[in-house]
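Just so we're on the same page: letters track the sequence lines, and every chain starts at 1.
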Amino acid sequence: MHDIRAIRADPAGFDAALARRGMEPASGQILELDQAVRSATKEFEESRAELKLKSREVGKLKAGGKHDEAEQLIRDIADWEVRQSQWFGNRANEPEAQRDLILSTLPNTLDPDVPDGRDESANVVLHQHGDIPDFAFTPKQHFELGEALGLMDFATAAKIAGARFTVLKGPLARMERALGQWMLALHTDEHGYTEASVPLLVNDASMYGTGQLPKFADDLFRTTDDRSLIPTAEVPLTNFAREEIFPEADLPLRLTALTPCFRSEAGSAGRDTRGMLRQHQFAKVEMVSITTPDASAAEHERMTRCAERVLTDLGLTWRRVFLCAGDTGFGAARTYDLEVWLPGQGAWREISSCSNTRDFQARRMNGRFKPREGKGNQFLHTLNGSGVAVGRALIAVMETFQQEDGSVLVPEVLRPWMGGIERIAR
RNA sequence: GGAGAGGUGCCGGAGCGGUCGAACGGGUCGGUCUCGAAAACCGAAGUACGGGCAACUGUACCGUGGGUUCGAAUCCCACCCUCUCCGCCA
């Protein structure tokens with residue numbers, strides 16, 4: 001959510017920020033509505049002030065035993081109120097709703113150093129870890145490996161649930177579990193995050209707070225009682241801050257959770273249909289930081305390094321990509337994607353996305369902190385990052401550590417979490 | 001799911017429909033006292049939006065949304081949440 005005062009103060013700057021995202025200017029329409037809101041509100045408040053004054057007078061007359069005068073005044077007020085209502089009615093409500101709807105559907109302002117560009121082709125690779133591995137044979141894709149092992153079953157998943165679901169069995173199911181457990185342990189034990197177990201079904205206020213609503217309702221699965229399945233644990237974790245005022249001394253809050261995520265993938269029809277790259281349901285370890293404006297930039301770098309650590313320790317080849325203006329998500333001021341090399345697919349694929357939303361989400365959810373010094377409360381900054389997507393990590397491990405015979409070596413770090421299994425084979 | 005009770009400021013807790021943004025107590029902050037601290041005493045302090053250079057000032061907010069009324073924290077309706085008991089259940 002944007003600060004209407006900032007738009008009033010610098011409409012041109014606001015439109016320039018939108019232009020970076022390839023959007024049309026909006027300040028003109030917003031300020032026009034805002035003006036209507038403000039003038040109608042002013043009338044309303046003046047009228048209310050007068051009404052309160054008159055009504056108090058009635059009370060005084062009655063208290064003084066002057067009942068006839070009081071009755072006369074009540075009749076006068078009633079007449080006056082009718083005339084007033086013809087004047088102002090609820091003229092502020094409609095433009096206010098329009099103004100706020102527009103504001104709530106406009107994306108966050110980008111950081112100045114976000115690269116220009118319309119789409120992912122303009123993203124900037126910041127650095128790469130590891131070389132693209134050589135194979136003495138033609139590496140297979142994860143679903144070829146998984147199906148040959150008899151441990152990845154899309155037919156059964158389709159029977160049970162439909163397209164875009166996966167059934168994992170035996171050591172592959174266990175490796176998925178091991179990945180999630182290990183990542184969670186890493187972030188809690190070494191990176192200072194607090195583990196949280198959270199609701200997977202959330203209300204509309206929470207979805208609004210992180211920015212899924214009102215604009216992206218189609219991407220969500222709805223329940224019959226007006227809740228939504230979470231598309232990411234960013235939603236419940238970030239909403240810890242909703243309607244809260246934290247003492248600055250309590251910050252930063254660093255939260256992590258391993259949860260299933262549910263996405264309708266509306267608009268992705270036909271993309272990544274083979275395998276488990278793009279599913280309606282997948283497991284993900286999420287990191288969320290709730291912090292102060294001064295600390296959020298450093299926190300973003302730190303969080304991204306926490307995610308990178310996961311990939312490095314697994315022995316994967318990865319790179320950090322700075323998303324360009326056109327590819328940066330709705331709520332983010334800046335985003336680093338981590339892409340992992342998939343030898344079977346022969347392509348870099350996103351496995352983590354770390355974003356600083358600055359005060360964008362905090363404004364939506366009215367999440368504030370009380371500064372150590374100075375007066376007044378300020379909006380928090382919120383950040384989120386995958387640490388990392390478990391399903392995609394499984395894919396990357398399979399494709400990276402596959403052997404010519406179709407077996408898969410288990411990364412060292414996962415072995416303790418898999419009862420010592422070193423290789424998954426037929 | 002059934003029955004009941006309740007949701008008020010940082011916390012506890014009052015509040016005949018009229019000067020209530022809200023008594024009182026605790027906590028917090030500032031001061032007096034003290035070598036210092038405690039105690040005691042004095043004082044300050046809600047959030048948001050708008051107007052004003054400022055002092056200051058208007059409006060809204062007593063779970064949420066409607067309604068009744070000249071006037072609502074107080075009355076009515078719906079919803080949400082919490083607690084107690086019963087039932088059911090991982």
Novice: Given the C1' atoms of B:C20 and B:G2, what is the spacing between them in whole Å?
Specialist: 39 Å
Novice: Given that A:Asn366 and A:Glu45 both sit by RNA chain B, which one's nearest nucleotide is further toward the 5' end?
Specialist: A:Asn366
Novice: For residues A:Phe216 and A:Phe330, establish whether the separation of their ring centroids is below 6.0 Å.
Specialist: yes
Novice: With a 3.5 angstrom cut-off on both distances, give the Watson-Crick or G-U wobble partner of B:C75, or none if there isn't one.
Specialist: B:G67
Novice: About how many Å separate CZ of A:Arg254 and NE2 of A:His191, when rounded to the nearest 0.5 Å?
Specialist: 10.5 Å
Novice: How far, in whole Å, is B:C10 from B:C85 if one measures between their C1' atoms?
Specialist: 33 Å
Novice: A:Ala49 or A:Thr41: which one's nearest nucleotide on RNA chain B is closer to the 5' end?
Specialist: A:Thr41
Novice: Tell me what A:Leu51 touches on the nucleic acid: a base, only sugar-phosphate, or nothing, going by heavy atoms under 4.0 Å.
Specialist: sugar-phosphate
Novice: Do A:Thr232 and A:Lys284 have side-chain N/O donor and acceptor atoms under 3.5 Å apart?
Specialist: yes
Novice: Looking at A:Tyr193, is its backbone amide N or carbonyl O close enough to the side chain of A:His187 to form a donor-acceptor pair, meaning the two atoms are under 3.5 Å apart?
Specialist: no
Novice: With a 3.5 angstrom cut-off on both distances, give the Watson-Crick or G-U wobble partner of B:U28, or none if there isn't one.
Specialist: B:A44
Novice: Dump the intermediate steps for salt bridge (charged side-chain N to carboxylate O under 4.0 Å, His left out) on A:Arg349 and A:Asp272, then the final yes or no.
Specialist: CA-CA 11 Å; A:Arg349 299 303 301 240; A:Asp272 305 318; 3.0 Å; yes
Novice: Does the ring centre of A:Phe282 sit less than 6.0 Å away from the ring centre of A:Phe262?
Specialist: no
Novice: Would you mind pulling out the nucleotide paired to B:G21, Watson-Crick or G-U wobble, both distances under 3.5 Å?
Specialist: none
Novice: Which value, in whole Å, describes the distance between the C1' atoms of nucleotides B:A44 and B:G27?
Specialist: 14 Å
Novice: Counting any heavy atom closer than 4.0 Å, what does A:Lys62 reach on the DNA or RNA strands: base, sugar-phosphate only, or nothing?
Specialist: base
Novice: For B:C88, which nucleotide in any strand shown is its Watson-Crick or wobble partner with both distances under 3.5 Å?
Specialist: none
Novice: Just name whichever nucleotide pairs with B:A14, Watson-Crick or G-U, keeping both distances under 3.5 Å, else none.
Specialist: none
Novice: How far, in whole Å, is B:G52 from B:C42 if one measures between their P atoms?
Specialist: 41 Å
Novice: Hey, does A:Arg38 reach any base, or is it just sugar-phosphate, or nothing, if we go heavy atoms under 4.0 Å?
Specialist: sugar-phosphate
Novice: Mind checking which nucleotides bracket the chain A contacts on RNA chain B, 5' to 3', with an atom under 4.0 Å from a heavy atom?
Specialist: B:G18 to B:G71
Novice: Whom does B:U82 pair with, Watson-Crick or G-U wobble, provided both distances fall under 3.5 Å?
Specialist: B:A5
Novice: Looking only at atom C1', what distance separates B:C62 and B:G7, rounded to whole Å?
Specialist: 10 Å
Novice: Which whole number of Å gives the distance between the C1' atom of B:G43 and that of B:A48?
Specialist: 27 Å
Novice: Looking at every strand, decide which applies to A:Arg8 at a 4.0 Å heavy-atom threshold: base, sugar-phosphate, or nothing.
Specialist: sugar-phosphate
Novice: Could you tell me which nucleotide pairs with B:A55 by Watson-Crick or G-U wobble geometry, both distances under 3.5 Å, or answer none if nothing does?
Specialist: none
Novice: Rounded to whole angstrom, note down the P distance from B:U74 over to B:U69.
Specialist: 16 Å
Novice: Are A:His2 and A:Phe360 close enough that their ring centers fall under 6.0 Å?
Specialist: yes
Novice: Are A:Arg364 and A:Tyr208 in a cation-pi contact, defined as NZ or CZ under 6.0 Å from the six-membered ring centre and within 45° of the axis?
Specialist: yes
Novice: For B:C35, which nucleotide is its Watson-Crick or G-U wobble mate, given both distances must be under 3.5 Å?
Specialist: none
Novice: Say we look at B:G21 and B:U68: how far apart would their C1' atoms be, to the nearest angstrom?
Specialist: 24 Å
